[in-house]
Amino acid sequence: MISKVLIANRGEIALRVIKTCKALGIKTVAVYSDEDVHSLHVKNATEAYHIGEAAPAKSYLNQEKILEVMLSSGADAVHPGYGFLSENDDFARLCEKNKINFIGPSADSMNLCGDKMRCKEAMLKAKVPTVPGSPGLVKDADEAEKIANEIGYPVMLKSVYGGGGRGIRIVNTDQELQDGYETVTAESIAAVGKSAIIVEKFLEKTRHIEYQMCRDHHGNTVHLFERECSIQRRNQKLIEQTPSPVVDEAKREEIGELVVKAAEAVDYTNLGTAEFLRADSGEFYFIEINARLQVEHPISEMVSGLDFVKLQLDIANGEPLPFKQSDLKMNGYAIECRINAEDTFLDFAPSTGPVPDVTIPSGPNVRCDTYLYPGCTVSPFYDSLMAKLVTWGRTFDESRLRMLNALNDFYIQGVETSIPLYKTILNTEEYKNGKLTTDFLKRYNIIERLEEDIKNQRNDKQIEAVASAVMYSEFFQSKIKSSNTTNSLWKSLMD
Amino acid sequence: MISKVLIANRGEIALRVIKTCKALGIKTVAVYSDEDVHSLHVKNATEAYHIGEAAPAKSYLNQEKILEVMLSSGADAVHPGYGFLSENDDFARLCEKNKINFIGPSADSMNLCGDKMRCKEAMLKAKVPTVPGSPGLVKDADEAEKIANEIGYPVMLKSVYGGGGRGIRIVNTDQELQDGYETVTAESIAAVGKSAIIVEKFLEKTRHIEYQMCRDHHGNTVHLFERECSIQRRNQKLIEQTPSPVVDEAKREEIGELVVKAAEAVDYTNLGTAEFLRADSGEFYFIEINARLQVEHPISEMVSGLDFVKLQLDIANGEPLPFKQSDLKMNGYAIECRINAEDTFLDFAPSTGPVPDVTIPSGPNVRCDTYLYPGCTVSPFYDSLMAKLVTWGRTFDESRLRMLNALNDFYIQGVETSIPLYKTILNTEEYKNGKLTTDFLKRYNIIERLEEDIKNQRNDKQIEAVASAVMYSEFFQSKIKSSNTTNSLWKSLMD
Amino acid sequence: MEFKLEDVEETFNGEIINKISNNEYLIKIQNKEHQLQILNINSNGMEFVLDNKFHNVKYVENHTAEMRIVIDGVSLTINMHTKLDKIVYKNTGNTDTGSGQINLRSQIPGKVVSVEVNEGDKIKKGDVVCVLESMKMQVSVKSHKDGEVKNLKVKEGNSVNKNDILAEIE
Amino acid sequence: MEFKLEDVEETFNGEIINKISNNEYLIKIQNKEHQLQILNINSNGMEFVLDNKFHNVKYVENHTAEMRIVIDGVSLTINMHTKLDKIVYKNTGNTDTGSGQINLRSQIPGKVVSVEVNEGDKIKKGDVVCVLESMKMQVSVKSHKDGEVKNLKVKEGNSVNKNDILAEIE
């Protein structure tokens, strides 16, 4: 039985794992870099160990150092969170060798999932449909070009070691393909030190729909329903919801059966995600397996009533799943907005720095997973996700209205955020009517409509703004003047 | 259709109502006393109006003043919350006369529910069992004594105008009855200006189990399951949970049918609560109807998935219930702890004053309804409920462990709270095994066990405490000394 | 330096051995060494990591030889005394309670609903002196000792704060 | 006093008519009177009730004639000028942008991954000057104008803050 879990991660996901462990009476071990000494995961864990410098390679990716802390702290399990070492099969293997329970799939299964080519092969064998493309790795840009011309542009160049929007490019012409090949190679090498590229047909007006897989060590497999994650920027998810507006009960079951096959095909254990592209025609194509707990897992928790971290721990403990597929019913509607530190108008460039003040939304059926607290800092060394805001409703519109309300209540001082963008999106007729596509932002001119919304909001605050300025100049400008003239004694003392 | 709701209340319940109204796009009007100008309900409502001095009689109970604000602000409905005017049928009638939609039952139904004697008669007629006792009001202490001797001691003296633990006494002898009669009369007059007393058999080892009633204007009636509220002090609820450990599906249905009869017997509309006493023998006796939204409504929201304030608004708008009894299923387990500002060791005496710092617990399946924020004040003018902490779990133990964890995370600086008491209760075997009775605290020596727990916690923090003191004296005691000696220039300037 | 903790018989010896870096210290408590890293400190409280465990302490009240703290949510009182302070401490302490004391104080804030005694009355320990109302509840304040009501400081309708003197009983 | 708001053509007239009580004011904006009650105020912000509606304003940045505020979550810039200030304001303002300007600044904080130009290179508007990495993303910084690279302030591996000058392009 797991009694002490080291969390090889930081930020909101480290806190998320700690919450469940604490509730279950399981001890937690946090690790932290120089940059994170004041972070909440350090404060909330049972124990906390410093593991190195701010740069991930020197701390959160440093397997040897993390192993050292596991052994010295007496942790009997490790939760990798997402990102960092979560899908690194070398690390999973290192844990296995040292008899540390890695909370996730086996190293072998992870290796298979991570190798997009072999994974695709396994799916084809299991009769899970995949996107048309190269049968495996291409050896160079020219081979990629040949295949692109066979399946027809646009095509997608994808490093099998990429993920999360990096190491991936959509190209429309031979020339773009040649340029893109270089970029994808460079990004993949920068991220993980290696690169290997596959070519895939790029489908237009697609939706990104994924299924939560769940499999124990006794071969029991279920899916925990779908999530629609079509609202994206640069291939990174922004807003997720469940159920998907285009998945009904019959479709859910049909694709769900494929998901069970997919999990079995790679001998997956613990929780994972099978990602699909849904073409406008209604067909689903398997893309890849994310061999970890996803960022967006809370929406599935809300509609299933399950605590996914608890489920992960139970599976890792060797317990059989306490339910069958037929026991599971979706309850209501959930939405997640990823609150990023970024400037929408600067092409989503990161925005970092101190956050002197923050107000975190709360209320019935509102959940906010975040590392923010008044006085914290958003670091440039790690990713831009500051908070996950999740709402639930008995109907889709109830969850949407709750989300809008919660976004209004969310105040983060000091950095630019994606909150205004989400308010605009959630108010569009397209979003309300479930007309979601992975190019939603571009297709519906969302950035321009956001600009318009901001202008209108400013118009609505004219009187209040002038009143604020009047009072400011009454209280401070006059006082500054008077202090300059009358308090010369103090002034000279302080010079 | 209701478009603007005046909330004739303060504190957490005013905020609770505002949350749902905001999410539904309904405008809100807050009212506030001198004492509450810095309160969150003032800040979060669309509009806020000052209605008088701190004492409730001069503000939150001032019907004329509140009516004036309703008319001048253009509110078309009023939500009374709980306490204050919520069960005052004169106020409900005043709203009816002024064509303001009172969100609750009709004035006539409320009047009937509030008159414990007539209400009991109505229940007897509808074949809803009630506790043995006087058939109606007793005219004096001597008549009360006569009845007490008929039904046998212990008996309960209860003012029909009391409620919430006031105007109620349990007496065991003729002498106690004579004394208690005076006290109950005095308390009832102090609270509402009048007194009228009934006598009831006092049942020992009882549980307090109540049912959520729900009835629309078209005669559709359902119950929204039970709540067990047996953990009390001085007849005031401390911890509530649903489902009750002694109510199974068959019992739920059986009593549920009585609840529907009870609602119909008093022509109840909107949400209300039918309170029962459950004898150790398993029989249920109707006690009274609370003609308002209860403090403990969130636990029922959690297991039903319904937003009760939304439901109240829909019913007040004349909409028919969107579900039948058979559509409703209980989902999981919920617990509420009422976080009071009180000193457990001073016989629960109120503890008031500024709260410079507060940390509000959050996380998956944790909800906290509260008016607290860092820098707020707990006022002696109003009741001691600062926050309602609610957790949900798929199993009872999951919700219990989440609650313990959330209680640990809850930090309220400046006032004494009931948090340590709840930690002790939730850890007892008696609570874990559902051995609940209304005299739980006394029966199981909880206060003594709390003392023991606190002693043990102190023992566990010995090294940390000494370390804190060492560092304090290093940093501050030495610095104070040095500043006294070296900064004499500054010292003289500041004298 | 020596420390006494509430509810604990033992006396603790605590001292700083050395300063490792700007915010890291090696300290010794009862002959055992501990590593202490300060995350934040000011006169209201400190956040620190002691042997790889995070702790939060609030310094609630400080007198020369006694401090009240809340550490990780647990409140306790520490008596601090260097050898020199020791004798001083033993003879001071909180003398404002117990039956030797004449002042009857209110333990809660509230409004005086009624006063049950007059100056000059002879009363016994436990007799009701007055009734206070706070948060809609009535609480009787009883005499802490036998004696004569000397200086009655409150009348009906007054508001009192916690620790206010209500009467002197001699 | 007169005020100009971001995105709004109109000029607003605002003044205090009188002080009703310690924290209540009667103010006039564009000939309409409003009642304003201050709940909290300091140089970082104010909480106030204007005609029975609560508002929260943060004063984010202040210069003599310009202030950035966030009011109820909406950020905007106000230009304040008494008649005297007017002329001064018109001739100052933010001159540090546009193609007349030689400084190429970083709009994000990050690490310099590569530098694509050398001092003395002739480049065109839109040419990549260097590539920055921040939060695991690579962002190209392009020249804001045609010209010659004069003073190249960064090299590979450097860290830069937002608004740091990367190069001068003349």
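Treat the numbers as computed from the prediction; the structure is a model and nothing was measured. Lettering of chains follows the sequences in order, A, B, ..., and the numbering in each one begins at 1.
- The contact between A:Asn331 and chain B is made entirely by side chain atoms (from C-beta outward), counting heavy-atom distances below 4.5 Å.
- Residue B:Asn408 does not touch chain A at all, counting heavy-atom pairs closer than 4.5 Å.
- Between A:Lys22 and B:Asp409 there is a side-chain heavy-atom pair separated by less than 4.5 Å.
- With a 4.5 angstrom heavy-atom cutoff, A:Pro364 touches chain B via backbone and side-chain atoms both.
- If you tally non-hydrogen atom pairs under 4.5 Å between each of A:Cys368, A:Gly363, A:Pro298, A:Gly305 and chain B, the highest count goes to A:Gly305.
- Within the 4.5 angstrom heavy-atom criterion, atoms from both the backbone and the side chain of A:Leu306 approach chain B.
- Around NZ of B:Lys27, the count of heavy atoms belonging to other residues, nucleotides or ligands within 6.0 Å does not exceed 12.
- Here the CG atom belonging to B:Asp307 is positioned 9.5 Å from the CH2 atom belonging to A:Trp392, to the nearest 0.5 angstrom.
- In this structure, chain A has no heavy atom under 4.5 Å from any part of B:Arg400.
- Among A:Met403, A:Met302, A:Arg367, the residue making the largest number of heavy-atom pairs under 4.5 Å with chain B is A:Arg367.
- To the nearest 0.5 angstrom, A:Thr20 atom OG1 is 11.0 Å from B:Leu401 atom CG.
- The shortest distance between side-chain heavy atoms of A:Lys310 and B:Glu398 falls below 4.5 Å.
- Proximity to chain A (any heavy atom under 4.5 Å) is shown, for B:Arg402, by both the backbone and the side chain.
- Contact detail for B:Asn405 and A:Lys19: the closest heavy-atom pair is ND2-O, 3.3 Å.
- Looking at B:Ser304, only its backbone comes within 4.5 Å of chain A, counting heavy atoms on both sides.
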